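Take a look at the structure below.
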2 protein chains.
Amino acid sequence: MRPTVNDIARAAGVSLATVDRVLNARPGVTEKTVQRVNAAIDQLGYVRDVTAANLARQRRYRLTFVLPEAPELFVATLRDALAEAGRSSAADRTEIRTLSFPAGNPHALVRTLRTLNSANTDGVAIFAPETPHVRDAILRLKSDGVPIVALVSDLPNTERDHFVGIDNIAGGRTAAFLMGKFHGKRGGSVMVLVSSMQARDNVERRLGFDQVMAESFPEIEVLPSLENHDDEDITARVVSEVLDARPDLTGVYSVGHGSRALVEVLRAHHRARQLTIVAHELTSVTREALRSGDIDAVVSQDVGHIVRSALRILRAKIDGVGIVPGQERIRIEIVVRENLS
Amino acid sequence: MRPTVNDIARAAGVSLATVDRVLNARPGVTEKTVQRVNAAIDQLGYVRDVTAANLARQRRYRLTFVLPEAPELFVATLRDALAEAGRSSAADRTEIRTLSFPAGNPHALVRTLRTLNSANTDGVAIFAPETPHVRDAILRLKSDGVPIVALVSDLPNTERDHFVGIDNIAGGRTAAFLMGKFHGKRGGSVMVLVSSMQARDNVERRLGFDQVMAESFPEIEVLPSLENHDDEDITARVVSEVLDARPDLTGVYSVGHGSRALVEVLRAHHRARQLTIVAHELTSVTREALRSGDIDAVVSQDVGHIVRSALRILRAKIDGVGIVPGQERIRIEIVVRENLS
DNA sequence: GACTAGATGAGGTACGTACCTCATGTCAAT
DNA sequence: ATTGACATGAGGTACGTACCTCATCTAGTC
């Protein structure tokens, strides 16, 4: 049988009320008594029964997810994963609210963040670019005592409690490794398509990509980044131009969260199969392109894992308990045709 | 606020006792009343508070893991993951017991399984080969009402409740895809090293590997399997022989759970860097070899995820509740130098 | 109409913890 | 010696569910 608070009280020679004060860091206990209680806790190996505690505490977790209203399929898969998590969240006393803001509109984002406070939410998960105003809004929330995790794209200068996502530099390095290895010993030239050089994750991936290409595959030429601002028309145009101008092209690296237009253009030009194509994020589009052989590899992150991890971490922060680091590490997944779940 | 049993009772116009009888399938309720209660449950969207229920029920989860006593590092990493999970398991009323049996000794395994019954364990996770006696022992446990999950290597003919691990055919296919892609357009010949053709997972991987090599990379010759029975001396000898006999060798596929001896021999022969090497399972050995560039890719499964998933599934089976399939799908991970977390 | 089996209700205790109130104890400063 | 601040104890209620006992009601049987 596991020891209970009563056992601790008996062992420490104090009353239940005192054990309770110690356990919940309530004032009014001498340092000496605190230590006696803690000694008993250690000795008996007491672990607080979190389920009973939460029951007694009537704890609900009102969590808010702040997500961009973006056209990329990746954001949609993230929303799907969140919806799925929401379906089973009632069982663990968690209420999920989703707030959206138009992508690329920091003012709208800040307005959204301003509506949040410790009275209406117990924790916030946010997927957004870091701007000074966003930083301020997050600092305010933090100082209001609301735990915050950054999703997918880190907010390193905001004192967020945790970042849930992959190391994007390593993600870019991984993409480069695959690109280089799939080229074999022969040289070539690689087109790089980013959504925006404002987005931290895009920049980091590009950085990592360049590092490995330079270190390990110097025989391959890496072309300058093409920005598409997540606009499919722009993508179609710039990719077409490069395809025409560079008949010697051997590879394409799609850095951003969306790859639909890219795949379409490459198919229209009948170049997909001859090129080595590495993209990010597993979506219906990249999934299908992997299956058909048009994309060779996808570097991805599991959106279901991201959402569940964010929920676990926020709840842990609210409860003031620790997390299992291994469980919360989002892996840089490499997906090819054959391990497509 | 979530509805409680009291709300259901009021809505259905019955007493709490009747709701309780319906919820817990106790006898003594007319079919008509059952339906009235169920209607109220549906209408109010009642979900049983599992934590409160388990508290009242005094539920403990006594779970048993049955693992081989094997020399491969992979089994050690699995044990480490289990130990780590054990450290935080007290918080969720879970007691983990680990039983070991000498690998390759089905009799000892059966003896071990015979000690288990519903009186001393609430659920069993087992990593073992499927033999007729094992199958019988598992069927007996099942009919005793003990939920069972198979770990890593499936036991498809035993009515185990769940398999926690990867699809090993797809794992082999993935290894082949990488092997072929890393070869580029040039042909070559690939050595295949298995631990034993008795082990179901090894056989399946080899099968998947051959499928993809034949379909997609016919220019590469795949040599017959070399069995090492997880013996490092045998490995050293047979690998050396092939290296000497086949100077044209271009790749090595290590199917089993251990790769230490292989890496050592290849290094001793100074052949590691020129060969394309694909292995299974991320361990300290393969991790280091990826980093040094001696191994090119590892096809792996997250042992931490496997253990946590097994625990979640067993608890869910014991509670008679559903699982989140996406959370329990063990991914076929591709690990290269750059995404080595 | 008496009897009986079964359905249902009323009310309790328990699980382990949180959190509250009030009484009492202790000790040091005045 | 009195006061007050603070430490501690005693005992309660609550959370949502499980599970128990006993009383009462209902419908059908003879």
Side-chain angles (χ1 to χ4, degrees), chain A residues 1-38 40-41 44-61 90-95 122 315 318-321, chain B residues 1-38 40-41 44-61 90-95 122 315 318-321:
Chain A
M1 269 297 100
R2 288 176 53 189
T4 73
V5 273
N6 283 294
D7 301 322
I8 303 300
R10 207 173 318 118
V14 299
S15 78
L16 201 113
T18 301
V19 175
D20 180 67
R21 291 184 184 109
V22 173
L23 278 178
N24 297 292
R26 276 185 260 277
V29 188
T30 339
E31 182 54 31
K32 223 179 66 187
T33 312
V34 171
Q35 300 200 347
R36 218 167 63 238
V37 172
N38 281 328
I41 288 176
L44 297 190
Y46 170 80
V47 205
R48 181 204 238 106
D49 185 325
V50 185
T51 65
N54 285 345
L55 180 61
R57 208 187 301 238
Q58 275 276 75
R59 169 81 82 198
R60 291 177 311 153
Y61 303 91
D92 36 12
R93 308 169 151 272
T94 302
E95 296 160 19
D122 300 315
R315 279 195 295 252
I318 292 168
D319 288 341
V321 301
Chain B
M1 268 298 98
R2 289 175 53 188
T4 73
V5 271
N6 283 295
D7 300 323
I8 302 300
R10 209 172 318 118
V14 299
S15 78
L16 204 120
T18 301
V19 174
D20 180 69
R21 291 184 184 109
V22 172
L23 278 177
N24 297 292
R26 275 186 261 275
V29 188
T30 340
E31 183 52 31
K32 223 179 67 187
T33 312
V34 171
Q35 300 201 348
R36 219 166 62 239
V37 171
N38 281 328
I41 288 176
L44 297 190
Y46 169 80
V47 210
R48 183 205 237 105
D49 186 325
V50 185
T51 65
N54 285 346
L55 180 60
R57 206 184 303 228
Q58 277 275 73
R59 169 82 82 199
R60 292 177 310 155
Y61 303 90
D92 34 14
R93 308 169 149 271
T94 302
E95 296 161 18
D122 301 316
R315 280 195 295 253
I318 293 169
D319 288 340
V321 301

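All values derive from a computational prediction rather than experimental measurement. To find a chain, count down the sequence lines: A is the first, B the second, and so on, and within it residues start at 1.
Each end of the helix from C:dG1-D:dC30 to C:dT30-D:dA1 gets its own axis from five base pairs, and the two axes differ in direction by 40°, given to 10 degrees.
Checking D:dA18, C:dA18, D:dT17 against the side-chain heavy atoms of B:Arg26 singles out D:dA18 as nearest. Looking at the side chain of A:Ala56, the nearest of the listed nucleotides C:dG9, D:dC19, C:dA18 is C:dA18. When the nucleotides C:dT17, C:dA18, D:dA18 are ranked by their closest atom to the side chain of A:Asn24, C:dA18 comes out on top.
Summary of the strand contacts: A:Leu16 and A:Val19 both lie near DNA chain D, and taking for each the nucleotide with the nearest heavy atom, the more 5' one is attributed to A:Val19.
Within 4.0 Å (heavy atoms only), A:Asp20 reaches at least one base atom of the nucleic acid. A:Arg60 comes within 4.0 angstrom of no nucleic acid atom, judged by non-hydrogen atoms across all strands.
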Step-by-step side chain to side chain contact (heavy atoms under 4.5 Å, CB included) determination, A:Thr33 to A:Val22: CA-CA 9 Å; A:Thr33 312; A:Val22 173; 5.7 Å; no
Full working for side chain to side chain contact (heavy atoms under 4.5 Å, CB included) between B:Arg93 and A:Thr51: CA-CA 9 Å; B:Arg93 308 169 149 271; A:Thr51 65; 4.0 Å; yes
Test salt bridge (charged side-chain N to carboxylate O under 4.0 Å, His left out) applied to A:Asp122 and A:Arg59, step by step: CA-CA 10 Å; A:Asp122 300 315; A:Arg59 169 81 82 198; over 6 Å; no
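Panel note: side chain A:Arg2, backbone A:Val47; a donor-acceptor pair is recorded below 3.5 Å. Side-chain atoms of A:Arg36 come within 3.5 Å of backbone atoms of A:Ala12 as a donor-acceptor pair (strictly under, hydrogens ignored). Distance alone, capped at 3.5 Å, places no donor-acceptor pair between the B:Asp20 side chain and the B:Leu16 backbone. Looking at B:Ser15, its side chain does come within 3.5 Å of a backbone N or O of B:Ala17 through a donor-acceptor pair. A donor-acceptor contact shorter than 3.5 Å links the side chain of B:Thr4 to the backbone of B:Asn6.
One interatomic measurement links the two molecules: CG of A:Asn54 to P of C:dA18, which rounds to 9 Å at whole-angstrom precision. Atom pair A:Ile8:CD1 and C:dT17:P shows a separation of 9 Å (rounding to whole Å applied).
Close to D:dG16, at under 4.0 Å from its OP1 or OP2, lies a side-chain N or O of A:Gln58. At D:dA18, one or more side-chain N or O atoms of B:Arg48 fall inside 4.0 Å of OP1 or OP2 (strictly under the cut-off).
Taking both residues in full, the closest heavy atoms of B:Val14 and B:Val37 are given as CG2-CG2, 4.0 Å, listed atom of the first, atom of the second, then distance.
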Pairs under 3.5 angstrom, nitrogen or oxygen only, protein versus nucleotides 6-8 of chain C, please.
from  : atom 1 : to      : atom 2 : distance (Å)
C:dA7 : O3'    : B:Thr30 : OG1    : 2.7
C:dT8 : OP1    : B:Thr30 : OG1    : 2.8
C:dT8 : OP1    : B:Thr33 : OG1    : 2.2
C:dT8 : OP2    : B:Thr30 : N      : 2.7
C:dT8 : OP2    : B:Thr30 : OG1    : 3.0
C:dT8 : OP2    : B:Thr33 : OG1    : 3.4

